[in-house]
S.K.: 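Handing you a structure now.
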Amino acid sequence: MRMRTKVFLGFIGFLILIPTVVWIVGSRLPQDHVATVEARFEASPSEVWTRIADPVASADWRPGIKEVERLPDRDGLPAFREHTSMGSITYVLETREEERLLVTRIVDNTDFGGRWVYELRPDGTGTHLTIREHGEIYNTFFRFMAQYVFGMDGTLKHFLADLTRELEAEA
C-alpha cells in the first residue's frame, strides 16, 4: 500500500474515531447536574433584583443576548424567549418572590433543559446572590462539551460576569 493511501486511511480513521469517542464518553456522563455560582455586590437587593427580574431588559446589559421577547403566558406562567447568536431559548418564570427568589425554567428544548434558581439576601450594605442551575443535558455531544470544554457552570459564570459589569458601571 502506498504511503499516501496509508496516511489518507489513517486520517479517515481519526475522523471517525473522534466523534465515536465523544459519543461514548458523553453517553456515559449523567444527564442531570447541579452547578452553583455566588457573588456579593455593593448594590442593594432592589438594584440587583431590578437587573435579574426583567428578562426583556437584560438584552441591554448582556452582550450575548441579541433580543428578549415577551411571549404569551404558558399554563399561567410568564414566558419569554432569548435570542442569541447560537439560537433561541424559551423560558417560563416559575417563581417570583420580590427581591428574594426568582426561578426560571427552560421549555421546548430537545438538547437541554432545567431551572435557574436566583436567591438574593441582604449582606451588610450589599447583596449576596446565589444562582443554582438544576440542568439536564439530553444531547450526548452537548454533555461532553459541557463537562470537558465549557464547564457545567460556564453559562452561569458568563451571566454573573455580565451582571457584575452592569452593576459596577452603575456604581
Side-chain angles (χ1 to χ4, degrees), residues 29-74 77-139 141-171:
L29 293 170
Q31 179 177 293
D32 300 336
H33 68 275
V34 176
T36 305
V37 295
E38 298 181 68
R40 184 188 181 284
F41 300 101
E42 281 298 330
S44 70
S46 176
E47 291 171 293
V48 176
W49 180 260
T50 298
R51 299 312 183 289
I52 68 172
D54 183 358
V56 174
S58 73
D60 295 337
W61 56 269
R62 293 178 61 200
I65 305 296
K66 293 180 178 180
E67 174 192 12
V68 180
E69 67 178 301
R70 177 69 165 89
L71 301 172
D73 288 1
R74 298 189 55 168
L77 299 173
F80 61 97
R81 182 175 296 127
E82 289 182 350
H83 298 276
T84 71
S85 59
M86 303 294 285
S88 300
I89 302 174
T90 303
Y91 299 85
V92 294
L93 192 110
E94 287 190 323
T95 305
R96 181 185 171 102
E97 296 177 19
E98 203 72 22
E99 296 183 18
R100 198 181 84 67
L101 179 68
L102 185 72
V103 180
T104 60
R105 177 174 45 92
I106 295 173
V107 294
D108 300 338
N109 195 312
T110 58
D111 293 320
F112 54 87
R115 289 177 170 77
W116 274 28
V117 178
Y118 305 78
E119 296 175 282
L120 292 83
R121 73 171 194 272
D123 186 359
T125 59
T127 303
H128 183 91
L129 173 66
T130 302
I131 309 171
R132 188 167 292 109
E133 175 182 289
H134 298 268
E136 303 150 2
I137 306 175
Y138 316 122
N139 180 299
F141 174 74
F142 287 165
R143 219 177 296 159
F144 178 91
M145 296 300 285
Q147 180 70 39
Y148 297 108
V149 178
F150 308 122
M152 292 296 185
D153 60 357
T155 307
L156 293 169
K157 287 180 177 177
H158 281 290
F159 179 89
L160 203 55
D162 291 344
L163 180 60
T164 300
R165 270 191 305 279
E166 171 67 8
L167 291 168
E168 286 176 355
E170 290 291 317

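We use all heavy atoms of the structure for the numbers below, so side chains are in, but hydrogens, waters and symmetry mates are not.
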S.K.: Which atom pair, heavy atoms only, marks the closest approach of Pro63 to Arg165?
M.R.: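 Pro63 and Arg165 have their closest heavy atoms at CG-NH2, 4.1 Å.
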
S.K.: Quick check against the 3.5 Å criterion: does Arg81 have a side-chain atom that pairs as donor or acceptor with the backbone of Arg70?
M.R.: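 Not at all, since once roles are kept as given, no pair shorter than 3.5 Å links the two residues.
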
S.K.: Among all residues two or more places apart in sequence or in another chain, which pass the side-chain contact (heavy atoms from CB on, under 4.5 Å) test with Thr104?
M.R.: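 With neighbours one apart ignored, the set is Phe80, Tyr91, Leu93, Trp116, Tyr118.
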
S.K.: Please find the pair of heavy atoms, one from Arg143 and one from Met152, that lie closest to each other, and give the distance.
M.R.: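 Shortest heavy-atom contact: O-CE, 4.4 Å.
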
S.K.: Taking the side chain as every heavy atom from C-beta outward, state whether Leu77 and Arg74 have any pair of such atoms under 4.5 Å apart.
M.R.: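 Leu77 does not reach Arg74 side chain to side chain.
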
S.K.: Nearest heavy-atom pair of Glu136 and Gly114: which atoms, and what distance?
M.R.: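 Heavy-atom minimum between the residues: OE1-N, 4.0 Å.
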
S.K.: Could you work out, with side chain to side chain donor-acceptor pair (under 3.5 Å) as the rule, every residue matching Asp123, not counting sequence neighbours?
M.R.: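 By the side chain to side chain donor-acceptor pair (under 3.5 Å) rule, Asp123 matches Arg40.
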
S.K.: Taking the side chain as every heavy atom from C-beta outward, state whether Ile137 and Leu29 have any atom pair closer than 4.5 Å.
M.R.: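 Result no, sub-4.5 Å side-chain heavy-atom pair not found.
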
S.K.: Give a yes or no on whether the backbone of Phe41 and the side-chain of Thr127 come within a donor-acceptor separation of less than 3.5 Å.
M.R.: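 No, Thr127 side chain to Phe41 backbone: no donor-acceptor pair under 3.5 Å.
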
S.K.: In the structure I gave you, are the side-chain heavy atoms of Asn109 and Thr90 within less than 4.5 Å of one another anywhere?
M.R.: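 No; the side chains remain at least 4.5 Å from each other.
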
S.K.: How many angstroms lie between CZ in Arg121 and CZ in Arg100, if you round to the nearest 0.5 Å?
M.R.: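 CZ of Arg100 is found 12.0 Å from CZ of Arg121.
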
S.K.: Just jot down the ring pair (Phe, Tyr, Trp, His ring centres under 6.0 Å) partners of Phe141, sequence neighbours excluded, or say none.
M.R.: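 By the ring pair (Phe, Tyr, Trp, His ring centres under 6.0 Å) rule, Phe141 matches no residue at all.
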
